[in-house]
Colleague: 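Below you'll find the structure I mean.
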2 protein chains.
Amino acid sequence: MGAPADDLDLIGRRTAQRTSVVRALIDHGGFVGARALHDELRTQGAPVGLNTVYRTLAALVDAGRADVVRDRGGERLFRHRPFPEHQHYLLCRACGLSAPVDSAAVETWAEHVARTSGFAEVEHTVELTGLCPQCRTT
Amino acid sequence: MGAPADDLDLIGRRTAQRTSVVRALIDHGGFVGARALHDELRTQGAPVGLNTVYRTLAALVDAGRADVVRDRGGERLFRHRPFPEHQHYLLCRACGLSAPVDSAAVETWAEHVARTSGFAEVEHTVELTGLCPQCRTT
DNA sequence: CTAGTAGTGACAATCGTTTCCATCTACGGT
DNA sequence: ACCGTAGATGGAAACGATTGTCACTACTAG
Ligand SMILES: [Mn+2]
Ligand SMILES: [Mn+2]
Ligand SMILES: [Zn+2]
Ligand SMILES: [Zn+2]
């Protein structure tokens with residue numbers, strides 16, 4: 001379990017709101033949008049301003065404690081990352097379930113491309129989406 | 001050179017506006033946003049409604065004649081794709097210059113993950129960004 | 001040529017996200 | 001424990017990209 005304490009120390013003052021946001025993100029267990037997290041906090045009786053949700057999530061991303069992906073509609077989805085290691089995910093387009101994937105091969109490939117391209121400060125975005133076992137009915 | 005004719009046949013009626021948009025996209029030579037393309041068309045004396053620019057680009061993407069990436073701000077950037085083969089790019093965060101990259105290794109990796117994951121209809125997004133030789137001046 | 005349908009574009013609406021700013025509060029001195 | 005203040009909060013307004021609406025236009029099949 002990633003203790004909220006660890007995360008909170010990295011992002012500034014320890015406020016009730018930030019504590020709530022971090023805990024809600026961890027509890028959620030997968031990728032969530034800021035809006036959805038804001039709703040969950042409100043229904044859980046720990047209302048936090050949407051603005052603060054955005055700021056806390058941004059701070060977590062800066063601190064390397066959260067990963068971000070863009071869903072089909074362009075919305076940013078956040079997921080808590082307990083370990084400092086860079087991660088990629090395979091996530092379900094229907095239910096949002098996410099599974100970390102072993103991306104060693106891609107990292108190697110990306111580094112190779114970076115070295116032989118002439119470009120500097122090369123970064124990569126790698127996202128896999130699909131339909132999880134539960135969701136592939138029809 | 002991809003002749004606009006080929007592309008226009010795939011997306012419906014042959015109108016002056018679509019012809020302009022397709023030609024402007026090809027002429028641009030790299031990734032462009034709808035807004036920027038709209039501006040270029042206006043300054044070139046071939047004004048087209050922004051809405052039509054969006055619709056034409058969407059049609060090209062549907063027809064597999066254009067690739068899309070999201071820039072940092074979430075804006076969608078489009079690039080004409082003369083060949084039907086799936087492509088990935090390395091693009092400059094400063095000037096927008098893009099270079100196709102050999103992604104065979106990633107395709108293999110993605111297929112492997114898909115087969116062993118239990119997920120169905122797995123799709124992938126792979127984008128590399130960096131600073132091109134011209135732009136890495138600090 | 002004409003009918004009929006697909007396309008156009010000005011405008012408004014949406015959606016996610018950011019900025020503003022007046023107010024509040026955590027917390028390192030004292 | 002008590003301040004003072006930099007940092008944090010949140011409601012409202014601003015923003016930028018994209019999509020919906022709908023009256024009008026113009027391809028194109030016949
Ligand atoms: Mn990676
Ligand atoms: Mn690919
Ligand atoms: Zn699912
Ligand atoms: Zn460049």
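Letters A, B, ... are given to chains in the order of the sequence lines, protein chains preceding strands, and every chain is numbered from 1.
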Colleague: Which nucleotide in the list C:dG16, C:dT17, C:dT8 gets nearest to the side chain of A:R35?
Modeller: C:dG16
Colleague: Which heavy atom of A:R81 sits nearest to which heavy atom of A:G64, and what is that distance?
Modeller: NH2-O, 2.9 Å
Colleague: Check whether A:R136 reaches the backbone of A:L131 with its side chain - one donor and one acceptor, N or O, closer than 3.5 Å.
Modeller: no
Colleague: In whole angstrom, what separates A:Y54's OH from C:dC15's P?
Modeller: 12 Å
Colleague: Rounded to whole angstroms, how far apart are CZ on B:R70 and C1' on C:dT17?
Modeller: 13 Å
Colleague: I need the CG-C1' distance between A:D9 and C:dC27, as an integer number of Å.
Modeller: 14 Å
Colleague: Among the candidates D:dA8, D:dA26, C:dC20, find the nucleotide nearest to the side-chain atoms of A:N51.
Modeller: C:dC20
Colleague: Please report the distance, rounded to the nearest Å, between CD in B:E75 and C1' in C:dC15.
Modeller: 16 Å
Colleague: Within the modelled atom types, does a donor on one side and an acceptor on the other bring the side chain of B:R13 and the base of C:dT5 under 3.5 Å apart?
Modeller: yes
Colleague: Relative to the ring of A:H124, is the ring of A:H88 parallel (under 30°), tilted (30 to 60°) or perpendicular (over 60°)?
Modeller: tilted
Colleague: Name the nucleic acid region contacted by A:R55, choosing base, sugar-phosphate or nothing; use a 4.0 angstrom heavy-atom cut-off, strictly under.
Modeller: base
Colleague: Can you check the B:H38 NE2 to C:dC11 C1' distance for me, whole Å?
Modeller: 13 Å
Colleague: Can you tell me the distance, in whole Å, between the CG atom of B:L77 and the P atom of D:dG16?
Modeller: 16 Å
Colleague: Indicate yes or no for a side-chain donor-acceptor contact from A:W109 to the backbone of B:A104 under 3.5 Å, with no hydrogens or angles considered.
Modeller: no
Colleague: How is B:R18 classified with respect to the nucleic acid when contacts are heavy atoms under 4.0 Å: base, sugar-phosphate, or nothing?
Modeller: sugar-phosphate
